Amino acid sequence: MRVLGIDPGLTRCGVGIVDVRPDRRAALVEVTVIRTPPSMPLEERLLAVGDGIERLLDEHRPVAVAIERVFAQHNLNTVMGVAQVSGVALHAAAKRGLPVALHTPSEVKAAITGYGAADKKQVQAMVARILGLTEVPKPADAADALAIAICHAWRGAPAPSTHGAVGGAGDAAGGGAQETPAQAAWRAAERSARSSAVPRRLAR
């Protein structure tokens, strides 16, 4: 399963592409950060990000796209940028008939580390371990995009039936047919995100 993950942002948009096997072992396909300067007009920044995402979609042909969903952010400009880039990414995926999923940071953390409140360094270290990399992808936006892609692939992948996935996704996901702690934590984070979204909508 090839998934393209996006950590949306106007100044830095992380894009990571991974291949994940049925036994949950994952391999890096490509990771990059699309950058646009704040001095550039907004419409040109969105065009540049959109063109970059479309190039990667056409080059690597993923079967799904996963985007980080941010519920709250203190900086209004950051919120607007994330929302705008997310819209560009959704449009690019829809044009190609690709399914899109939105995952909250807590869902991603739970999927990658088994702990929904893990810090960024823990997530980044696990991403490197899962993909068998010698160092953490930089900047953080790149590692975050890979984490989002892995989270989505693991969410829908069947549980592995054998042990021994050394140096791959099996290290974090574990072997055996029963639900792993990471999967259980992910499902708990997903339930929490869904329940917390209700009062937010009502509040509007």
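What you are looking at is a predicted structure, and each value in this text was computed from that prediction instead of being measured. Just so you know, these numbers use all the heavy atoms, side chains as well, and skip hydrogens, waters and symmetry mates.
- Once rounded to the nearest 0.5 Å, the distance linking CD1 of I53 with CD1 of I34 reads 5.0 Å.
- If you chain together hydrophobic residues whose side chains sit under 4.5 Å apart, L102 and V82 never meet in one group.
- Applying the side chain to side chain donor-acceptor pair (under 3.5 Å) test to S86 and every residue at least two apart in sequence or in another chain returns nothing.
- By the salt bridge (charged side-chain N to carboxylate O under 4.0 Å, His left out) test, R2 pairs with D19, sequence neighbours left out.
- Between I17 and V3, every side-chain heavy-atom pair lies at or beyond the 4.5 Å cut-off.
- Screening residues 78-91 for salt bridge (charged side-chain N to carboxylate O under 4.0 Å, His left out), with sequence neighbours left out, gives no hits.
- Residue V18 is tested with V29, V31, I130, I150 for a side chain to side chain contact (heavy atoms under 4.5 Å, CB included); the sole match is I150.
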Start with the C-alpha gap between V15 and V33, add the side-chain angles, then the distance that decides, and say whether side chain to side chain contact (heavy atoms under 4.5 Å, CB included) holds. CA-CA 6 Å; V15 183; V33 175; over 6 Å; no
Evaluate side chain to side chain contact (heavy atoms under 4.5 Å, CB included) for L4 paired with L56, printing each intermediate quantity in order. CA-CA 9 Å; L4 184 144; L56 292 166; 4.1 Å; yes
Tell me, with the steps shown, if R25 and V20 meet side chain to side chain contact (heavy atoms under 4.5 Å, CB included). CA-CA 6 Å; R25 283 186 285 182; V20 180; over 6 Å; no
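- Contact detail for P37 and R45: the closest heavy-atom pair is O-NE, 3.2 Å.
- Once rounded to the nearest 0.5 Å, the distance linking NE2 of H103 with CD1 of I6 reads 12.0 Å.
- In this structure V85 satisfies the side chain to side chain contact (heavy atoms under 4.5 Å, CB included) test together with P8, L10, C13, L46, V49, sequence neighbours excluded.
- Sparse packing is recorded around NE2 of H91, with 12 or fewer heavy atoms of other residues, nucleotides or ligands lying under 6.0 Å away.
- Listed by first and then second residue, the salt bridge (charged side-chain N to carboxylate O under 4.0 Å, His left out) pairs that reach into residues 81-102 are E54-K95, E54-R96, D58-R96, sequence neighbours excluded.
- Not a single side chain to side chain donor-acceptor pair (under 3.5 Å) links E44 to another residue, sequence neighbours left out.
- Annotation: salt bridge (charged side-chain N to carboxylate O under 4.0 Å, His left out) contacts of E30 (sequence neighbours excluded): none.
- When the side chain to side chain contact (heavy atoms under 4.5 Å, CB included) test is applied to D51, the partners found at least two apart in sequence or on another chain are L47.
- Taking CE from M126 and NZ from K109, the interatomic distance works out to 15.0 Å, rounded to the nearest 0.5 Å.
- A salt bridge does not link K121 to D119: none of the charged nitrogens lies less than 4.0 Å from a carboxylate oxygen.
- With sequence neighbours excluded, the residues that form a side chain to side chain contact (heavy atoms under 4.5 Å, CB included) with L90 are I67, V100.
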For residues 131-149, dump all side-chain donor-acceptor pairs below 3.5 Å to protein atoms at least two apart in sequence or in another chain.
residue : atom : partner : partner atom : Å
D141    : OD1  : R12     : NE           : 2.9
D144    : OD2  : K120    : NZ           : 2.7

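- Two residues are said to be in side-chain contact when any heavy atoms from C-beta on lie closer than 4.5 Å; V108 and H152 fail this criterion.
- Linking Ile, Leu, Val, Met, Phe, Trp and Tyr residues whenever their side-chain heavy atoms come within less than 4.5 Å places L98 and V88 in a single cluster.
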